[in-house]
Amino acid sequence: MLGNLTKYLNEKTIRTQIECQDWEEAVRKVGNILFENGDVESSYIDGMIKYVKKYGPYIVLMPGFALAHARPEDGAKKVAMCMITLKTPVKFGHENYDPVYVVMGLSAPAKERHVEALADICNILKEEKILEVIKCAQTANDIMKIFNSDETLLSQQEIAPS
């Protein structure tokens with residue numbers, strides 16, 4: 001179900017329990033992961049922030065989750081993703097979905113190239129329990145176990161007694 005995310009997310013692209021003072025720092029940190037891995041130009045990070053300032057918190061897609069990105073021409077070199085979890089959630093200014101505790105970064109040099117990655121992100125978003133486990137993860141390896149698990153494991157977790 002989520003295995004395609006392992007093409008993009010791994011121990012080099014996931015950071016957990018990060019401290020950020022505000023949404024801009026969170027977006028900058030996620031952008032820096034993309035930059036450090038050679039996925040984007042530094043201008044891409046500025047673009048990520050510019051669009052939130054211009055359009056508001058449109059990147060906050062559901063309670064607690066933001067998908068930070070910019071336009072391909074802002075410096076995207078290749079399709080890439082990264083993720084941070086926040087030790088203390090931050091507010092992006094979204095009326096219904098603040099505060100955010102998981103920020104995913106996305107880079108795509110062409111609009112159509114990231115469709116598969118977005119489909120996998122949608123699978124995360126429709127499973128609140130998966131997002132909750134990601135939020136509480138202490139290490140990148142903990143998150144990778146979620147992406148490598150199959151639907152049977154997730155179903156067992158859903159029906160397991162509390």
Side-chain angles (χ1 to χ4, degrees), residues 1-52 57-62 64-90 92 99-150 153-154:
M1 178 171 120
L2 304 175
N4 288 332
L5 288 173
T6 59
K7 291 180 195 174
Y8 306 106
L9 296 173
N10 55 55
E11 286 79 11
K12 290 174 63 175
T13 59
I14 298 172
R15 312 263 164 82
T16 58
Q17 304 301 312
I18 302 297
E19 287 284 353
C20 293
Q21 298 302 310
D22 56 26
W23 72 265
E24 190 170 336
E25 184 179 3
V27 169
R28 200 166 290 285
K29 285 190 178 185
V30 102
N32 281 331
I33 296 170
L34 293 170
F35 177 72
E36 290 165 10
N37 287 307
D39 303 322
V40 300
E41 305 281 341
S42 61
S43 57
Y44 193 82
I45 301 167
D46 296 330
M48 295 165 92
I49 291 168
K50 174 179 80 174
Y51 294 116
V52 174
Y58 74 100
I59 65 171
V60 182
L61 303 180
M62 68 173 292
F65 181 88
L67 179 63
H69 58 283
R71 299 184 53 80
E73 61 269 21
D74 289 317
K77 292 181 178 180
K78 59 185 173 181
V79 175
M81 296 170 67
C82 65
M83 176 188 294
I84 64 172
T85 64
L86 302 175
K87 189 170 189 171
T88 305
V90 297
F92 276 68
V100 169
Y101 45 82
V102 176
V103 182
M104 186 172 277
L106 174 67
S107 162
K111 292 176 186 175
E112 64 279 355
R113 299 263 325 267
H114 63 288
V115 172
E116 183 180 287
L118 288 175
D120 289 329
I121 293 168
C122 289
N123 281 329
I124 291 175
L125 298 180
K126 71 180 185 181
E127 295 288 342
E128 288 182 38
K129 288 187 177 223
I130 294 173
L131 193 57
E132 187 64 28
V133 173
I134 290 171
K135 170 184 136 180
C136 298
Q138 295 299 306
T139 68
N141 192 43
D142 292 341
I143 294 173
M144 293 306 298
K145 287 178 187 173
I146 297 164
F147 298 150
N148 288 317
S149 65
D150 61 19
L153 176 61
L154 294 172

How long is the span from the [atom1] atom in [X] to the [atom2] atom in [Y], to the nearest 0.5 Å?
X    : Y    : atom1 : atom2 : value
Q17  : T139 : CD    : OG1   : 10.0 Å
M81  : M104 : CE    : CE    : 4.0 Å
C136 : L131 : SG    : CG    : 9.5 Å
M48  : R28  : CE    : CZ    : 10.0 Å
I45  : L34  : CD1   : CG    : 7.5 Å
I134 : I146 : CD1   : CD1   : 5.0 Å

Closest non-hydrogen atom pair, [X] against [Y]:
X   : Y    : value
I59 : A68  : CD1-CA, 4.0 Å
G47 : A70  : C-CB, 3.8 Å
C82 : L9   : CA-CD2, 3.5 Å
T85 : T16  : OG1-CA, 3.1 Å
P89 : Y101 : CB-CB, 4.0 Å
V40 : G31  : CG2-O, 4.3 Å

From the list D74, V27, D46, side-chain contact (heavy atoms from CB on, under 4.5 Å) with Y51 holds only for D74
Test side-chain contact (heavy atoms from CB on, under 4.5 Å), reference M83, set I143, V30, L106, output is I143
Report yes if some heavy atom in the side chain of [X] is under 4.5 Å from a heavy atom in the side chain of [Y]; otherwise report no.
X    : Y    : result
S107 : V79  : no
F92  : V103 : yes
W23  : V100 : no
V52  : E24  : no

Hits for salt bridge (charged side-chain N to carboxylate O under 4.0 Å, His left out) against E25, two or more places apart or cross-chain, chain-then-number order -> K29
Flag if over 12 foreign heavy atoms under 6.0 Å of CD, E73: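 For E73, atom CD is crowded (more than 12 foreign heavy atoms under 6.0 Å).
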| query | For F35, does the CZ atom have more than 12 heavy-atom neighbours from other residues, nucleotides or ligands under 6.0 Å away? | reply | no
Start with the C-alpha distance between N37 and T13, add both sets of side-chain angles, then the distance that settles side-chain contact (heavy atoms from CB on, under 4.5 Å), and finish with yes or no.
CA-CA 8 Å; N37 287 307; T13 59; 3.7 Å; yes
Just do the salt bridge (Lys or Arg N to Asp or Glu O under 4.0 Å) check on K135 and E132 with the steps written out, would you?
CA-CA 5 Å; K135 170 184 136 180; E132 187 64 28; 3.5 Å; yes
